[in-house]
Amino acid sequence: MPLSEPTTGLAPAKRITADVARSWLLVSALNADDFDSAHLSLADQIVLDIEDAVDPSLKPAARSHVAGWLSRGGSAWVRINDRTTEHWNDDVDRLRNVPGLLGVMLAKTESPTEVTATFDRLGGSTPVIALIESALGIEEATAIARARGVFRLAFGSGDYRRDTGTSAEAMAMLYPRSRLVVASRIGDLPGPIDGPTVTSDPSAVHEQSELAVSLGLTGKLCLRDEHLPVINEAMSPAPADVTWAREFLADFNARGRLIRDGSDLPRLGRAEKIDQRARALGIN
């Protein structure tokens, strides 16, 4: 499969920073012709996928597509194969020192050593998102969240269901999602990234995004361009919440930050988080 033509005149994407990014668009690394359009899409961040989206026999071509595009002015995260496979070595060796690589998403993470090995092999400065996709990974989530080099946790919901036999129902998936939220807090990481909603129905995407937010997740993987605005809206602070937070903070500051009762500190913490996230997302 030939490489796409070199990128020319591709304007730098004005992306939401990865620590607060809501929508994470997965793009098969075999579809090099889609890289530019993904770069210019509404995605907060894009992830070029050389793991599940690529047949083993085509992984060398996929790596070449990714490394070539990143070297010609593109910028993206890359989902790489898990540490236990023969493909991991080739992935990290090919990507190390490639300009435009924002970080890697490590598939099927099940231990902190897998994260640290990836981080070190990439040179000790490339952030690693640990994609947790199994029962063992969920149970090790707190240790993974404390690993050197980890940047954020993500939920590989499809493979988790395959591993455990769990249904896609919200109640059945409550435990692993909440586990990742708690682990992220313990590891002092940004909120975790939820798995994709595999449907063409935007209302289902919106519902799943709102559910994720209610549990404390702050991002979501995505497979379709048309889902991006839905995710971005659902995972942003509601206008009414932003208004409340800023009015509360203005009043709190106006009275000299005086604590009046036991509810002030919890409300202050919530207001500050809403305001900080709104500002980071450019919500005025």
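Reckoned from all heavy atoms, side chains included, excluding hydrogens, waters and symmetry mates. For the single chain, residues carry numbers from 1 onward in sequence order.
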Would you check, one step at a time, whether the test salt bridge (Lys or Arg N to Asp or Glu O under 4.0 Å) holds for Glu272 with Arg257? CA-CA 13 Å; Glu272 288 178 335; Arg257 302 182 69 83; 3.6 Å; yes
Separation between OG (Ser125) and CZ (Arg96), nearest 0.5 Å, reads 8.5 Å
Here's a test for you: under salt bridge (Lys or Arg N to Asp or Glu O under 4.0 Å), which of Asp275, Asp264, Asp241 qualifies with Arg270? Asp241
Using a 3.5 Å distance criterion without hydrogens, assess whether the side chain of Ser71 forms a donor-acceptor pair with backbone atoms of Ala67. yes
Between Pro99 and Leu70, is any pair of side-chain heavy atoms under 4.5 Å apart? no
Between Glu51 and Lys108, is the salt bridge (Lys or Arg N to Asp or Glu O under 4.0 Å) condition met? List the steps. CA-CA 10 Å; Glu51 194 235 355; Lys108 299 177 177 63; 2.5 Å; yes
Is a donor on one side and an acceptor on the other found under 3.5 Å between the side chain of Ser23 and the backbone of Asn232? no
Would you confirm whether Gln45, through its side chain, and Ile16, through its main-chain N or O, come within 3.5 Å as a donor-acceptor pair? yes
Same cluster (ILVMFWY, side-chain, under 4.5 Å), Ile80 and Leu48: yes
Hey, is the main chain of Ala107 close enough, under 3.5 Å, to the side chain of Asp82 for a donor-acceptor pair? no
Side-chain H-bond candidate by donor/acceptor type, Thr197 with Thr199, under 3.5 Å: no
For Lys59, is there an ion pair with Asp90 - N to carboxylate O distance below 4.0 angstrom? no
Is there a continuous path of hydrophobic side-chain contacts, each under 4.5 Å between heavy atoms, that joins Leu102 to Leu26? yes
What's the spacing between Phe35 CZ and Leu40 CG if we round to 0.5 Å? 13.5 Å
Decide salt bridge (Lys or Arg N to Asp or Glu O under 4.0 Å) for Arg121 and Asp93; before the verdict, give the C-alpha distance in whole Å, the side-chain angles of both, and the deciding distance to 0.1 Å. CA-CA 8 Å; Arg121 187 73 168 270; Asp93 287 347; 3.2 Å; yes
Hey, does the side chain of Ser178 reach the backbone of Tyr175 with a donor-acceptor pair shorter than 3.5 angstrom? no
Give a yes or no on whether the backbone of Pro190 and the side-chain of Arg185 come within a donor-acceptor separation of less than 3.5 Å. no
Look at Arg148 together with Asp120 and state whether they make a salt bridge at an N to O cut-off of under 4.0 Å. yes
A quick test of your reading: do over 12 heavy atoms of other residues, nucleotides or ligands sit less than 6.0 Å from CD of Glu233? no
Polar side chain donor-acceptor pair, Arg22 to Ser236, under 3.5 angstrom: yes
Ignoring hydrogens and angles, tell me if any N or O in the side chain of Arg224 forms a donor-acceptor pair with the backbone of His227 under 3.5 Å. no
Assess, by modelled atom type and distance only, whether the side chains of Arg152 and Thr218 contain a donor and an acceptor separated by less than 3.5 Å. yes
Out of curiosity, does Val115 fall in the hydrophobic cluster containing Val78 (side-chain heavy atoms, cut-off under 4.5 Å, transitive links)? yes
Looking at CD1 of Ile129 and OG1 of Thr118, how far apart are the two atoms once the value is rounded to the nearest 0.5 Å? 12.5 Å
Which distance, rounded to the nearest 0.5 Å, do you find between the CD1 of Ile138 and the CD of Glu110? 10.5 Å
Taking the six-membered ring of Trp24, is NZ or CZ of Arg79 closer than 6.0 Å to its centre and within 45° of its axis? no
Spell out, yes or no, whether Val242 and Leu281 are grouped together once hydrophobic residues are joined by side-chain heavy atoms under 4.5 Å, including indirect joins. yes
Take atom CG in Asn284; do more than 12 heavy atoms of anything else shown fall under 6.0 Å from it? no
Above 12 or not: heavy atoms from other molecules or residues under 6.0 Å from CG of Asp188? no
